[in-house]
K.L.:
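Got a structure for you, questions after.
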Number of protein chains: 2
Amino acid sequence: MIDPEAGTNPQVQRTHRVMLDAARELLSENGPGAVTHLRVAEASGVARATVYRHWPDRVDILLDLLRGGADLHLVPPPEGLSLAERVTGLLQNLASALNGDSGQILTAMIGLAEWDEDVFAALERMRAFGPRLLRDILAAGIDDASLAADTDIDVLMDVLIGPLFLRRLLHHAEITNDYVARLVTTTLGPCLSR
Amino acid sequence: MIDPEAGTNPQVQRTHRVMLDAARELLSENGPGAVTHLRVAEASGVARATVYRHWPDRVDILLDLLRGGADLHLVPPPEGLSLAERVTGLLQNLASALNGDSGQILTAMIGLAEWDEDVFAALERMRAFGPRLLRDILAAGIDDASLAADTDIDVLMDVLIGPLFLRRLLHHAEITNDYVARLVTTTLGPCLSR
DNA sequence: CGCACATGATACAGTATGTCTCATCTAAGT
DNA sequence: ACTTAGATGAGACATACTGTATCATGTGCG
């Protein structure tokens, strides 16, 4: 096992990064089953023993990937816009993340999380940020009366996010901006107080 | 390889069923990675060579499980009910399937489908039935004017189904009848012409 | 009974896994 | 520049898994 205190050692950092890049490509190309110590070693040119030193368990590599590469990089949309515009912006943000590499890593993790509680916990932490942003936007919508006061925010959040995951995970289809626009129109349109 | 013409041989059927039962339990208990020829043989008490004879490739076992156990058993709700009632009935039907073993098999398959096109094709065939039922119900709703004529049916379907998958796959939460009711109220309620 | 064939048991080579040792190399401080 | 701690590379090693083959035994069916 690598000394955790060696986090500042440039040699360690270099090796770690090279291996992790190879692992990410293996995951993307061949799925989570391909992320083994042996294949990471071969793909990165690092000795097999070194891969074991950095991640004693196979799942540790995947958890490291999840930490480093699958955060969805959601940013809060600007304040001045209308509720529908802010929601659309956030969902397009989420959509582009799901369309890219993060979506693939996420898919792998969702499959693993069913049976590995460490992966599940990591996934749990990861998906805490996006929903909070969306909830804030919707709550602000109720405050300034652009949303009806009796709106079921929990369900509305699922209704906005669920279809994106459905399209990505089950249909393997790209989530276009047009789709997000239609989604917001269908779900939010009728709820808006006019 | 087992002679496909031997499908009527009771000895073959018996062995096949015993192995498949063991495979299903392995999948449910330990995930798709645990469904190997060796472990199916050990768990079922069948010789390892026999497992290879029935399914030359590891994925074939999973595809067999997908065929046999993961169909969602959706039934069309009765005609006399209102649109919201029929949609609620169908979604509760889907929810109970997702809550049970089918949901777990489905989760495994979704993870595999990202990288195995055979699994993806099988998944594709499987999820053709449910959406068709829902689409028929919604189309009938437009015909009898209980839904607005300009309703975006494709998106509305995703909006109804997506949250269920989101809850099952990402939250690992049970989908209650109450949740389905709130879902239908939130999404369909405002669309209904009154 | 006798035939066709599925199964059980076992062997086999090839490969993957996990751990270990030791020489070499790198990044620090002296 | 020297020295030292520790990270890496190279490889050995036992064990386990994979895929295939062989042959004796058991089962279903005419």
Side-chain angles (χ1 to χ4, degrees), chain A residues 1-23 25-27 29-65 68 108 112 115-116 118-119, chain B residues 1-23 25-27 29-65 68 108 112 115-116 118-119:
Chain A
M1 189 61 181
I2 289 297
D3 184 0
E5 307 296 320
T8 62
N9 186 326
Q11 185 185 14
V12 175
Q13 289 180 330
R14 198 187 321 133
T15 313
H16 199 84
R17 185 175 41 75
V18 169
M19 290 188 293
L20 213 54
D21 286 345
E25 185 159 341
L26 280 171
L27 178 65
E29 295 289 317
N30 306 101
V35 181
T36 67
H37 296 94
L38 175 62
R39 296 191 64 172
V40 168
E42 287 173 346
S44 62
V46 171
R48 193 163 60 95
T50 302
V51 186
Y52 279 98
R53 287 185 189 109
H54 281 248
W55 304 284
D57 196 304
R58 211 178 70 83
V59 155
D60 298 334
I61 311 178
L62 293 164
L63 290 175
D64 212 337
L65 282 176
L112 295 172
W115 296 274
D116 188 302
D118 288 336
V119 174
Chain B
M1 186 61 181
I2 289 297
D3 185 0
E5 307 297 318
T8 63
N9 186 325
Q11 186 185 14
V12 176
Q13 289 180 329
R14 197 187 322 132
T15 312
H16 198 83
R17 186 176 41 74
V18 169
M19 289 188 295
L20 213 52
D21 286 345
E25 185 160 341
L26 281 170
L27 178 65
E29 294 291 316
N30 306 102
V35 182
T36 67
H37 294 96
L38 175 63
R39 297 191 64 173
V40 169
E42 287 173 345
S44 63
V46 171
R48 191 164 60 94
T50 302
V51 187
Y52 279 98
R53 287 185 190 110
H54 281 249
W55 304 283
D57 196 303
R58 211 178 69 84
V59 160
D60 297 334
I61 312 178
L62 293 163
L63 290 176
D64 212 338
L65 282 176
L112 295 172
W115 295 273
D116 187 303
D118 288 335
V119 174

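A note on names: the letters A, B, ... follow the listed sequences, proteins ahead of strands, and every chain is numbered from 1.
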K.L.:
Would you indicate which nucleotide in D/dT18, D/dG9, D/dA7 comes nearest to any side-chain atom of B/Y52?
P.N.:
D/dT18
K.L.:
Could you pull out the closest heavy-atom pair between B/W115 and A/A108, with the gap in Å?
P.N.:
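Looking at all heavy atoms of both residues, the shortest contact is CH2-CB, 3.7 Å.
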K.L.:
Would you say C/dA27 has OP1 or OP2 under 4.0 Å from some side-chain N or O of A/R14?
P.N.:
yes
K.L.:
Show the nearest heavy-atom pair for residues A/V40 and A/L26, with the distance to one decimal.
P.N.:
N-CD1, 3.7 Å
K.L.:
Spell out yes or no: do the side chain of A/R53 and the base of D/dG6 have one donor N/O and one acceptor N/O closer than 3.5 Å?
P.N.:
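Checked by distance alone, the answer is no.
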K.L.:
I need the CD-P distance between B/Q13 and C/dT7, as an integer number of Å.
P.N.:
11 Å
K.L.:
Nearest heavy atom decides the nucleotide; on that basis, is A/Q11 or A/L38 closer to the 5' end of DNA chain C?
P.N.:
A/L38
K.L.:
Which nucleotide, D/dA7, D/dG28, C/dA28, lies nearest any side-chain atom of A/V12?
P.N.:
D/dA7
K.L.:
Can you measure A/D57 atom CG to C/dA16 atom P for me and round it to whole angstrom units?
P.N.:
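Answer to the nearest Å: 19 Å.
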K.L.:
It should be established whether A/H54 places a side-chain nitrogen or oxygen under 4.0 Å from OP1 or OP2 of nucleotide D/dA7.
P.N.:
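It does not, given that no N or O in the side chain of A/H54 lies less than 4.0 Å from OP1 or OP2 of D/dA7.
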K.L.:
Whole-Å distance between C/dA6 C1' and B/H16 NE2?
P.N.:
14 Å
K.L.:
Show the nearest heavy-atom pair for residues B/W55 and B/L20, with the distance to one decimal.
P.N.:
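Closest heavy-atom pair between B/W55 and B/L20: CZ2-CD1, 3.5 Å.
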K.L.:
Let me know the distance between CD of A/E42 and C1' of D/dA10, rounded to the nearest Å.
P.N.:
15 Å
K.L.:
Looking only at the side chain of B/T36 (C-beta and beyond, no hydrogens), which of the listed nucleotides C/dT7, C/dC22, D/dT18 gets closest?
P.N.:
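Closest of the options to the side chain of B/T36: D/dT18.
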K.L.:
Considering only D/dG9, C/dA27, D/dT18, which nucleotide approaches the side chain of B/R48 most closely?
P.N.:
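For the B/R48 side chain, the nearest candidate turns out to be D/dT18.
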K.L.:
Expressed as a whole number of angstroms, how long is the span from A/N9:CG to D/dT8:P?
P.N.:
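These atoms are roughly 7 Å apart.
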K.L.:
Taking all non-hydrogen atoms of both residues into account, name the closest pair between B/T36 and B/G33 and its distance.
P.N.:
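Looking at all heavy atoms of both residues, the closest pair is CG2-O, 3.7 Å.
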K.L.:
With heavy-atom distances below 4.5 Å as the criterion, would you say the side chains of A/D64 and A/H54 are in contact?
P.N.:
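Result no, sub-4.5 Å side-chain heavy-atom pair not found.
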K.L.:
Can you work out whether B/P56 or A/M19 has the more 5'-proximal nearest nucleotide on DNA chain D?
P.N.:
A/M19
K.L.:
Let me know the distance between CD1 of B/I61 and P of D/dT18, rounded to the nearest Å.
P.N.:
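Distance, rounded to whole Å: 10 Å.
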K.L.:
To the nearest angstrom, how far is B/R58 atom CZ from D/dT20 atom P?
P.N.:
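Going from B/R58 (CZ) to D/dT20 (P), I get 15 Å.
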